[in-house]
Amino acid sequence: MEKINSICIIDDDPITVFGIKRMLKTSIDCDEINTYGNGQLAINGIKGMIENNAPLPQVIFLDINMPIMDGWQFLEEFIKLPIQDRVRINVVTSSIDETDYNNWVHYKDSSHHQITYNNKPIKKADIMSITKLAS
């Protein structure tokens, strides 16, 4: 198993955040897990990391439906950032809306980052396969 320096969870549901963190802590070798309650807080945090030359998240778990800045708005801003390394972004959603799936395809195809689409709830059996460094 590869060691991951930093993971970021962006989700406004504290139960989902708790569950993902718990699965990560028992399954993944990771130094740091940061959490944000919406996309705006996350994009501000990541911009701060860039400004301070701090390590960026290597894996992101991203909810779609959040207040203030949703997951798609976050992705729109994130892919504009000057990040050379490839980040694995796991879109995590309970949405069955075809528009959300089409948005995922758009971002997956228009970014150098590895963006996957995953249905909630994330199961422990799946956590290891979706928490790998981008290839």
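What you see below is based on every heavy atom in this structure, not just the backbone, and it leaves out hydrogens, waters and symmetry mates. Each residue takes its place number in the sequence, starting with 1. Bear in mind the structure is a predicted one, so any value in this text is a computation, not a measurement.
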**Study point:** Shortest non-hydrogen contact from Ala42 toward Phe74
**Key:** CB-CE1, 3.8 Å
Study note, to complete from the structure: All heavy atoms of Met49 vs all of Pro55, minimum pair found to be SD-O, 3.7 Å
**Study point:** Donor-acceptor under 3.5 Å (Ser111 side chain, Tyr107 main chain)
**Key:** no
Point to revise | From CA spacing to verdict: salt bridge (Lys or Arg N to Asp or Glu O under 4.0 Å), Lys120, Asp13 | key: CA-CA 12 Å; Lys120 283 184 180 178; Asp13 178 23; 5.1 Å; no
Review point. Are the side chain of Asn90 and the backbone of Thr116 linked by a donor-acceptor contact shorter than 3.5 Å?
Key: no
Review point. At their closest point, which heavy atom of Ile115 faces which heavy atom of Trp104, and how far apart are they?
Key: O-NE1, 3.0 Å
Practice item. Determine yes or no for a side-chain-to-main-chain donor-acceptor pair under 3.5 angstrom, with Asn52 supplying the side chain and Ala54 the backbone. Key: no
Check your understanding: What's the shortest heavy-atom distance between Ile68 and Gln40, and which atoms?
Key -> CG2-CB, 3.8 Å
Exercise for review: Run the numbers on Phe78 and Ile83 for side chain to side chain contact (heavy atoms under 4.5 Å, CB included), then give the verdict.
Suggested key: CA-CA 9 Å; Phe78 184 82; Ile83 300 172; 3.7 Å; yes
Practice item. Verify, without hydrogens or angle tests, whether Arg88 (side chain) and Ile130 (backbone) share a donor-acceptor contact under 3.5 angstrom. Key: yes
Review point. Could you go step by step and tell me if Ile9 and Lys21 meet the side chain to side chain contact (heavy atoms under 4.5 Å, CB included) rule?
Key: CA-CA 8 Å; Ile9 303 170; Lys21 279 180 81 170; 3.5 Å; yes
Review point. Does Met128 offer a backbone N or O that forms a donor-acceptor pair with the side chain of Thr131 under 3.5 Å?
Key: no
**Study point:** Exam field: side chain Thr16 to backbone Asp12, donor-acceptor pair closer than 3.5 Å
**Key:** no
Review point. Do Ser129 side-chain atoms and Asp126 backbone N/O form a donor-acceptor pair below 3.5 Å?
Key: yes
Check your understanding: Distance-only, no hydrogens or angles: does the Gln58 side chain make a donor-acceptor pair with backbone N or O of Ile4 under 3.5 Å?
Key -> no
Practice item. Indicate the atoms forming the closest heavy-atom contact of Ile28 with Ile127, along with that distance. Key: CD1-O, 4.4 Å
